[in-house]
Amino acid sequence: MIATGVVLVEKMEEEKKNDQLTPEEREKKKLEKKAAKEAKKLEKELKKKQRQEAEAAKKLKAAESDVSKGFYGKLPLIQSKTREGKLFSKVSELTDDDVNKTVVLRARLHTVREMSSAVFMKLRQRTHSIQAVLILGDKVSKLMHKYVAKLNPESIVDVEGVVAKPENPVESCSVQNFELVVSKCFVVSEAVPRLPLQLDDASREENDPMLPNQNTCLNNRILDLRAEPNQAIFKIQAGVCTLFRETLNGRGFTEIHSPKMISAASESGSSVFELTYFKSKAYLAQSPQLYKQMAIASDFERVYEVGPVFRAENSFTHRHLTEFTGLDLEMAFNEHYHEVLEVIGDTFVQIFRGLNERFSHEIEVVRKQYNREPFTWLEPTLRIEWPEGIQMLRDAGEEIGDFDDIGTPQEKLLGRLVKEKYNTDFYILDKFPLCIRPFYTMPSPEDERYSNSYDIMMRGEEIMSGAQRIHDPVLLEERAKEHGIDFSEMHDYLECFKFGCPPHGGGGVGMERVVMLFLGLPNIRKTSLFPRDPTRLTP
């Protein structure tokens, strides 16, 4: 308060003196004050410039004496101008033979941690990672040390170094018995400093409160897909398609590609996407069902397809999508539709066995986030008929009629009962009531209240519905009329049976659902690259 009073007194005295000056004297004093202020400003700017020049000179001197010059920095934009034939290594392929050898890796910089004499990096290639160490010394300058320490995570880098054995296993990386002692580090593509989703968070165990919610992950799907569990999921998904194709190709099947724009709904009209097709209407195919049958009538004998399926179902469950990838098959048989069932059952067994043999590493990566019991099956595949399944549910306290359809809770309960009784997560439920199956389903010859149709089940959830199809045009037309179906829009489908068609059957399965249930994941959106549901059309 005293200091403030002194300043106030001085200010009053200054104003008093100014009042005693002539206008010319006041103007002169004002100019002198302005000149003094400008001189002080210039002096300040000069000192700042001198300081900057000194710092620049210091950096230049350090750069000129930088022993690591040319061994780090940002690469020029790769525009395919040259091709030197440089050999890049895979983290997953490093062996003891590589120890003490120099290798080059292109990888994501997962994390970077600076210490006084070293920089530790975790380099990631899909589901494989390795520790890389930059050690300050005769060949690694402080400038290089500082540059690498400030790199942004998720940047893509080219790192050269010597493969070494760490003193202790590196538990934070998938490759624990090797590390890379870095001599060169170049940025290929730089990530922004602040990311909307952290990969370590996206990889947390499912019950961890720090695990981002599903919408956050899907809204940032590009980053989310980089997380190791998701990389593993889609390697496994690719494996399902490969094994599906390999198995059926080995059994004499031909892969076909049916149209996805059709003139009439292929299933129920209530779940079809309508679109404008020039001056008429068209629909997105809900199934390749009719075209598979037409291929059988065209003497293809055995066909399969891997392709998109569209369902305009306003459903928000954990297992429904509006677009998914269908794995469909259809085949002619000689005497009994169980010939088809045996092929279907064995195809899935080959897929399950192949996944365990070829993707054990990826399965373990997923299991670290979603800890589930390994998927089990029997050989040959367990087949139970509808009456047995209904009786099992009744014995467990469920009230259900002989010909009532099974709801989702009952479906899951039956799966648990089958697992307890037969120790399998995979089985076939056969002989469904005819009244709950599509019009083209063949009635059972023993009891026409039932049908030659089936569902394939995994962990208590249906993955495939199939049947012996009606191949007789008269019976097919009768069944269509009973279902109130107008055949005028399905003329080509009906005609193919009038030209002669062998007995046949098949089914279709959603690829995403197979992966979800094999791994025991909580939601099908985890197994769809960019999922589509009633509220999600991006990214």
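This chain uses plain numbering: 1 for the first residue, then up along the sequence.
In this structure, a donor-acceptor pair under 3.5 Å is present between the side chains of Arg437 and Ser453. Remark: the His318 side chain and the Glu461 side chain contain an N/O donor-acceptor pair separated by less than 3.5 Å. A donor-acceptor contact closer than 3.5 angstrom links the side chains of Thr216 and Asn213. Using a 3.5 Å distance cut-off with no hydrogens or angles, the side chains of Asn219 and Arg536 do pair a donor with an acceptor. Using a 3.5 Å distance cut-off with no hydrogens or angles, the side chains of Gln237 and Thr527 do not pair a donor with an acceptor. In this structure, a donor-acceptor pair under 3.5 Å is absent between the side chains of Thr242 and Arg358.
Contact of the Tyr454 side chain with the His338 side chain is not registered, since no non-hydrogen atoms from C-beta on lie closer than 4.5 Å. Pro196 places a side-chain heavy atom less than 4.5 Å from the side chain of Leu223. Inter-residue side-chain proximity for Leu105 and Ser89 is flagged as met; some heavy-atom pair is nearer than 4.5 Å. Contact annotation: the side chain of Thr424 approaches that of Val418 to within less than 4.5 Å [non-hydrogen atoms, C-beta and beyond]. In this structure, the side chains of Pro380 and Glu342 stay at 4.5 Å or more apart for every pair of heavy atoms. The shortest side-chain heavy-atom distance between Cys185 and Leu134 does not fall under the 4.5 Å cut-off. Put simply, the side chain of Glu246 does not reach to within 4.5 Å of the side chain of Gln350, judged on heavy atoms. Here the side chains of Thr376 and Lys419 are in contact, with some heavy-atom distance below 4.5 Å.
Counting only distance, with no hydrogens or angles, the side chain of Arg459 and the backbone of Leu517 share a donor-acceptor pair below 3.5 Å. Not one N or O on the side chain of Asp425 forms a donor-acceptor pair closer than 3.5 Å with the backbone of Phe375. No donor-acceptor pair under 3.5 Å is formed between the side chain of Arg124 and the backbone N or O of Ala227. The backbone N or O of Ile406 lies less than 3.5 Å from no partner atom in the side chain of Glu411, so there is not a single donor-acceptor pair. When atom types are taken as modelled, the side chain of Trp386 and the backbone of Asp402 share a donor-acceptor pair closer than 3.5 angstrom. Put simply, the side chain of Arg311 never gets that close to the backbone of Leu321: no donor and acceptor are under 3.5 Å apart. Within the 3.5 Å criterion, the main-chain N or O of Pro229 finds no donor-acceptor partner in the side chain of Lys368. With Gln369 contributing its side chain and Ala202 its backbone, the two residues share a donor-acceptor pair below 3.5 Å. For Lys101 (side chain) and Asp97 (main-chain N/O), a donor-acceptor pair under 3.5 Å exists by modelled atom type. At distances below 3.5 Å, at least one donor-acceptor pair connects side-chain atoms of Thr441 with backbone N or O atoms of Pro438.
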Kindly determine whether Gln231 and Glu362 satisfy side chain to side chain contact (heavy atoms under 4.5 Å, CB included), including the steps that lead there. CA-CA 8 Å; Gln231 288 286 312; Glu362 286 76 14; over 6 Å; no
Would Tyr450 and Phe403 count as a ring-ring contact (aromatic ring centres under 6.0 Å, His included) here? Give the steps. CA-CA 9 Å; Tyr450 295 94; Phe403 306 104; 5.3 Å; yes
Salt bridge (Lys or Arg N to Asp or Glu O under 4.0 Å) between Arg108 and Glu228, worked out: CA-CA 12 Å; Arg108 290 273 180 189; Glu228 289 186 23; over 6 Å; no
Given side chain to side chain contact (heavy atoms under 4.5 Å, CB included), test Val140 with Ile135 step by step and report yes or no. CA-CA 7 Å; Val140 176; Ile135 303 172; 5.8 Å; no
Check against side chain to side chain contact (heavy atoms under 4.5 Å, CB included), Met331 and Arg251: CA-CA 11 Å; Met331 60 175 277; Arg251 287 181 168 271; over 6 Å; no
Criterion side chain to side chain contact (heavy atoms under 4.5 Å, CB included) on Tyr304 and Leu327, from CA distance to verdict: CA-CA 7 Å; Tyr304 73 87; Leu327 307 180; over 6 Å; no
Go through the steps to decide whether Glu255 and Arg245 satisfy the test salt bridge (Lys or Arg N to Asp or Glu O under 4.0 Å), and finish with yes or no. CA-CA 8 Å; Glu255 182 172 7; Arg245 284 188 167 104; 2.9 Å; yes
Please test Glu462 against Arg513 for salt bridge (Lys or Arg N to Asp or Glu O under 4.0 Å), starting from the C-alpha separation and ending with a verdict. CA-CA 9 Å; Glu462 173 260 321; Arg513 195 176 290 187; 3.7 Å; yes
With side chain to side chain donor-acceptor pair (under 3.5 Å) as the criterion, how do His110 and Asp200 come out once you've worked through the C-alpha distance, each side chain's angles and the decisive distance to 0.1 Å? CA-CA 9 Å; His110 187 81; Asp200 283 340; 2.7 Å; yes
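To the nearest 0.5 Å, the span separating CE on Met121 from CG on Leu109 amounts to 7.0 Å. Atom CG of Leu94 is separated from atom CG of Leu180 by 8.0 Å, given to the nearest 0.5 angstrom. Between the CD1 atom in Ile456 and the CG atom in Leu429 there is a gap of 9.0 Å [rounded to 0.5 Å]. With values rounded to the nearest 0.5 angstrom, Glu313 atom CD is found 9.5 Å from Thr322 atom OG1. Summarising the geometry, atom CG belonging to Asn230 is positioned 5.5 Å from atom CZ belonging to Arg221; distances are rounded to the nearest 0.5 Å. If you take CG on Asp395 and CE on Met392, they are separated by 8.5 Å, rounding to the nearest 0.5 Å.
Listed by chain and residue number, His128 satisfy the ring-ring contact (aromatic ring centres under 6.0 Å, His included) test with His361 (two or more places apart in sequence, or in another chain). With sequence neighbours left out, the ring-ring contact (aromatic ring centres under 6.0 Å, His included) criterion links Phe426 to Phe348, Phe352.
Scanning all heavy atoms of the two residues, the minimum distance from Gln198 to Leu195 falls at NE2-O, 3.3 Å. Taking both residues in full, the closest heavy atoms of Arg106 and Gln125 are given as O-NE2, 3.0 Å, listed atom of the first, atom of the second, then distance. In this structure, Ile400 and Arg394 approach most closely via the heavy-atom pair O-NH2, 2.8 Å. Annotation for Gly507 and Glu330: closest pair N-OE1, 4.0 Å, computed over non-hydrogen atoms. Between Leu123 and Ala132, the shortest heavy-atom contact is CD1-CB, 3.7 Å. Nearest heavy-atom pair across Val187 and Leu151 is CG2-CD2, 3.4 Å.
The environment of Glu205 atom CD is sparse: at most 12 non-hydrogen atoms of other residues, nucleotides or ligands sit within 6.0 angstrom.
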Atom pairs and distances, donor-acceptor, side-chain atoms in residues 159-178, under 3.5 Å, two or more places apart:
{"from": "Lys165", "atom 1": "NZ", "to": "Asp96", "atom 2": "OD1", "distance (Å)": "3.0"}
{"from": "Ser174", "atom 1": "OG", "to": "Ser129", "atom 2": "N", "distance (Å)": "2.7"}
{"from": "Ser174", "atom 1": "OG", "to": "Ser129", "atom 2": "O", "distance (Å)": "3.3"}

